[in-house]
Amino acid sequence: MTLRIEKISPANVEAGIELRIRPEQEKNVEPVAHSLAEAYAWGETAWPRLVFDGEELVGFLMAFLDIQWNPEKDPEDRRSGLWRLNIAADAQGRGYGRYAVEAVAAEIRRRGGNQLFTTWEPGEDGPEQFYLKLGFRLTGETSGGQTVGVLDLDG
């Protein structure tokens with residue numbers, strides 16, 4: 001595998017928009033086009049990237065960087081993490097999701113962070129076991145009805 005992440009560009013945006021996950025997962029994660037619209041709206045807070053294995057597009061990730069998590073509850077609580085992860089239906093189970101999470105972790109570390117947060121839809125067909133196997137732990141919080149997990153990056 002020759003894995004790399006790339007910024008979204010005029011040369012690759014159409015391929016990113018066409019990326020499809022498994023049909024049963026569509027209820028758990030927004031399509032890439034929706035994520036790119038959010039990335040545009042959120043500006044520098046969003047960090048969207050495509051995941052390639054050689055020349056093959058295998059996934060999409062989007063991180064959130066240094067956001068106010070719940071400003072009404074604690075305006076000082078700023079977090080970074082994985083906002084979206086879409087791995088192509090025929091590319092799942094080959095380590096690309098792990099690679100994407102590691103890429104987000106590296107970017108958060110580069111920016112001085114020591115924790116990577118993410119959320120996921122609970123229930124059958126959800127990604128909870130994937131995240132727990134990577135070392136995420138449940139925080140006991142929910143966000144928009146989703147389970148919140150955190151991965152400590154300093155150990």
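All values below come from the heavy atoms of this structure, side chains included, with hydrogens, waters and symmetry mates left out. Computed from a predicted model, the values in this text were never measured in an experiment.
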Discussion item. If the condition is salt bridge (charged side-chain N to carboxylate O under 4.0 Å, His left out), which residues does E30 pass it with, not counting sequence neighbours?
Written reply: none

Donor-acceptor contacts under 3.5 Å from residues 143-150 side chains, at least two apart:
from, atom 1, to, atom 2, distance (Å)
Q146, OE1, T119, OG1, 2.6
Q146, NE2, E121, OE2, 3.0

Fill in: Closest non-hydrogen atom pair, G97 against F130
C-CZ, 3.6 Å

Discussion item. Please check: side-chain N/O of E56 versus main-chain N/O of D53, any donor-acceptor pairing under 3.5 Å?
Written reply: no

Fill in: Residues that R137 engages under salt bridge (charged side-chain N to carboxylate O under 4.0 Å, His left out), provided they are two or more places apart
D152

Worksheet item: Can you tell me how far OG1 of T139 sits from CZ of F117, rounded to the nearest 0.5 angstrom?
Response: 7.0 Å

Worksheet entry | R109 and E107 ion-paired at < 4.0 Å | no

Discussion item. Restricting to ring-ring contact (aromatic ring centres under 6.0 Å, His included), what partner residues turn up for W47, sequence neighbours left out?
Written reply: none

Worksheet entry | Pair E141 + R79: basic N to acidic O under 4.0 Å | yes

Worksheet, complete the sentence: Hits for salt bridge (charged side-chain N to carboxylate O under 4.0 Å, His left out) against K27, two or more places apart or cross-chain, chain-then-number order -> D125

Could you tabulate the donor-acceptor pairs under 3.5 Å formed by side-chain atoms of residues 37-45, not counting sequence neighbours?
from, atom 1, to, atom 2, distance (Å)
E38, OE1, R84, NH1, 2.6
E38, OE1, R84, NH2, 3.0
E38, OE2, H34, NE2, 3.4

Worksheet entry | Within residues 60-75 or reaching into it, pairs that qualify as side chain to side chain donor-acceptor pair (under 3.5 Å) - sequence neighbours excluded | D66-R78

Item to complete: Please name all residues satisfying side chain to side chain contact (heavy atoms under 4.5 Å, CB included) with A91, sequence neighbours left out, ordered by chain then number.
Response: V58, I87, A88, R94, Y96

Fill in: With sequence neighbours excluded, residues passing side chain to side chain donor-acceptor pair (under 3.5 Å) with E26
none

Worksheet item: What pairs with F136 under ring-ring contact (aromatic ring centres under 6.0 Å, His included), at least two apart in sequence or on another chain?
Response: Y131

Response to the item:
Applying side chain to side chain donor-acceptor pair (under 3.5 Å) to N114 and not counting sequence neighbours gives none

Response to the item:
With sequence neighbours left out, the residues meeting salt bridge (charged side-chain N to carboxylate O under 4.0 Å, His left out) with R98 are none

